[in-house]
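Written below as structure tokens is the structure these notes are about.
Atoms considered below: every heavy atom in the structure, side chains included; atoms not considered: hydrogens, waters and symmetry mates.
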Amino acid sequence: MLQLLFAVAFSAAPLTLYVPPVRSLNLFVEAMEKMVRETSSYTVRAFPRLRLAFSRLLSSLLFRVRR
């Protein structure tokens, strides 16, 4: 059982190299928050249009299926 524990522990050790350090993760999160803040004004205007287009497309498809 001890050999299995060591095998799992040492096989998982190289995977820690792929996880970014917390400092880099904070910069990434900050950049994503900034992008969301900048694009929120566009999405507020685009969402009703997308919803209207989707509802028209869906109603058109359902109308053709009912025929």
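- Between the CE atom of M1 and the CD atom of Q3 there is a distance of 10.5 Å, given to the nearest 0.5 Å.
- No side-chain heavy atom of E30 sits less than 4.5 Å from a side-chain heavy atom of N26.
- Atom-to-atom distance recorded for L57:CG and L62:CG is 9.5 Å, nearest 0.5 angstrom.
- Both F28 and M35 are part of a single hydrophobic cluster, where members link through side-chain heavy atoms under 4.5 Å apart.
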